[in-house]
Amino acid sequence: MIFTRSTIYIAALASFVAPAIAKDVNVYSYRQPELVKPLFDAFTAETDIKVNVQFLKKGLVEKLVAEGNRSPADVILTVDISRLNSVVEAGVTQPVASNVLNANIPSEFRDPDNQWFAITSRARIVYASKERVKNGEVTTYEDFADPKWKGRICTRSGTNAYNLALTSAVIANHGETAAKNWLEGVKGNLARKPQGNDRAQVKAIYAGECDISIGNTYYMAKMLSNPDQVAWANSVRIVFPKFENGGTHMNVSGIAMTKSAPNKQNALKLMEWLSGDEAQKIYAEANGEYPINPKLSASKLVVSWGEFTPDDTPLIEIAKLRPASLKLTEIVAFDE
Ligand code: FE
């Protein structure tokens with residue numbers, strides 16, 4: 001093409017005008033860049049709305065509270081129902097009334113007051129050594145406290161969000177006293193002090209340090225696609241434990257709109273888009289999570305791990321039990 005003075009002038013004018021149209025949406029994310037980038041790139045390609053993301057490791061609630069009405073954030077993105085609920089409880093979100101969100105997300109996966117919306121789910125399951133654990137040897141969460149597992153269990157810190165949510169589910173199913181006994185029983189069966197992330201436990205099984213570990217489902221997909229970790233993945237199989245009188249514990253990742261969202265319309269578009277077909281497919285295929293939208297199915301790999309019945313403890317109850325599970329975890333000195 002021939003560059004004339006007028007094309008250059010038009011290009012400069014366009015970039016000057018762009019900010020006034022406010023084709024932006026600002027996201028604070030606890031989720032990692034490699035996961036959210038393909039999602040936001042697809043959203044921008046479709047809507048022309050640019051997504052600016054600030055990635056945080058901690059302090060999201062404190063940051064939003066400190067920024068108050070001047071916060072540039074429109075949408076928050078996080079894993080774990082307790083973290084999602086803590087943003088709501090801090091009073092820095094606003095309700096979102098959307099027929100699209102209501103149609104795409106089953107009611108048990110969104111706040112009755114429309115403050116938070118789950119966008120994916122994951123099960124907290126057992127990774128079991130193919131060599132040293134027989135089929136049917138572990139079937140329930142209650143099982144983890146059985147002395148037959150002495151010196152055979154690996155897990156990350158008991159105060160990690162995923163483990164606290166699991167302990168909350170134990171409390172919901174059995175009450176605090178039984179949950180304390182359960183934590184003590186599991187602690188007594190650990191092969192080593194809690195350390196590392198969910199994948200590090202599978203590595204320890206591969207290395208022969210323990211026979212079962214507790215972890216989230218999608219980490220299997222991540223290990224299988226990582227040349228350095230595929231051997232760990234292949235040393236274990238997935239078992240979906242259930243509660244004796246319940247189902248398999250699941251947690252979620254989710255979204256909320258900030259109270260002060262400066263780009264409210266774009267924020268709504270992004271939230272609705274994340275619950276729709278294209279985003280849900282990316283979550284399922286690229287991250288090995290369960291789509292929240294019932295129109296979509298999990299990836300072939302994830303489906304191959306088997307079916308299970310989710311525990312029916314309401315997510316909000318899991319979130320509300322967090323202080324109790326943290327207290328019990330500290331009382332039994334789970335990590336020491
Ligand atoms: Fe994770």
Side-chain angles (χ1 to χ4, degrees), residues 27-40 53 55-61 76-87 109 116-127 141 154-169 194-205 212-226 228-230 232-233 236 238-241 248-256 274 279-280 282-292 298-299 301-302 305 308 310-311 315 318-319 322 325-326 329 335:
V27 176
Y28 283 0
S29 176
Y30 269 147
R31 304 216 72 183
Q32 293 153 4
E34 63 268 25
L35 165 66
V36 300
K37 193 172 180 308
L39 285 162
F40 293 157
V53 195
F55 295 99
L56 299 153
K57 287 233 184 291
K58 55 182 179 183
L60 190 148
V61 172
I76 67 113
L77 204 64
T78 181
V79 296
D80 183 46
I81 187 59
S82 298
R83 287 190 188 175
L84 210 46
N85 187 54
S86 69
V87 187
F109 289 117
W116 57 261
F117 301 84
I119 222 75
T120 63
S121 70
R122 61 282 296 285
R124 194 129 183 92
I125 50 95
V126 167
Y127 289 105
Y141 294 105
C154 281
T155 184
R156 74 195 303 168
S157 167
T159 63
N160 167 267
Y162 303 151
N163 275 349
L164 285 176
L166 175 59
T167 301
S168 296
Q195 57 194 272
N197 57 22
D198 280 359
R199 277 182 270 191
Q201 317 313 318
V202 181
K203 183 185 182 188
I205 294 175
I212 62 172
S213 73
I214 305 164
N216 287 350
T217 34
Y218 54 87
Y219 288 116
M220 179 59 119
K222 294 198 179 218
M223 289 185 290
L224 285 170
S225 63
N226 182 330
D228 297 331
Q229 300 175 356
V230 67
W232 313 347
V236 295
I238 285 180
V239 175
F240 292 95
T248 298
H249 169 62
M250 298 193 82
N251 204 330
V252 295
S253 78
I255 49 177
L274 287 172
Q280 290 286 301
I282 293 174
Y283 273 120
E285 298 296 330
N287 208 44
E289 292 184 81
Y290 294 96
I292 221 72
S299 74
L301 172 69
V302 174
W305 299 333
F308 61 94
D311 193 48
L315 285 169
I318 299 289
R322 186 185 186 278
S325 58
L326 179 60
T329 304
D335 286 353

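Read the numbers this way: they start at 1 and go in the same order the structure lists the ligands and their atoms. Just so it is clear, the values below take in all heavy atoms, side chains as well, and ignore hydrogens, waters and symmetry mates.
Not a single N, O or S atom of N197, from either the backbone or the side chain, sits less than 2.8 Å from the Fe ion (ligand 1). Not a single N/O/S atom of N216, whether from backbone or side chain, sits less than 2.8 Å from the Fe ion (ligand 1).
If you check the side chains of Q229 and R199, you find a donor sitting under 3.5 Å from an acceptor.
The minimum heavy-atom distance between V61 and S86, with the atom names listed, is CG2-OG, 3.7 Å.
Checked against the 6.0 Å centroid threshold, F308 and Y290 count as a close aromatic pair.
Under the 3.5 Å distance criterion, the side-chain polar atoms of N251 are matched with a main-chain donor or acceptor of I81.
With the Fe ion (ligand 1) as the vertex, OH (Y218) and OH (Y162) define an angle of 90°, rounded to 10°.
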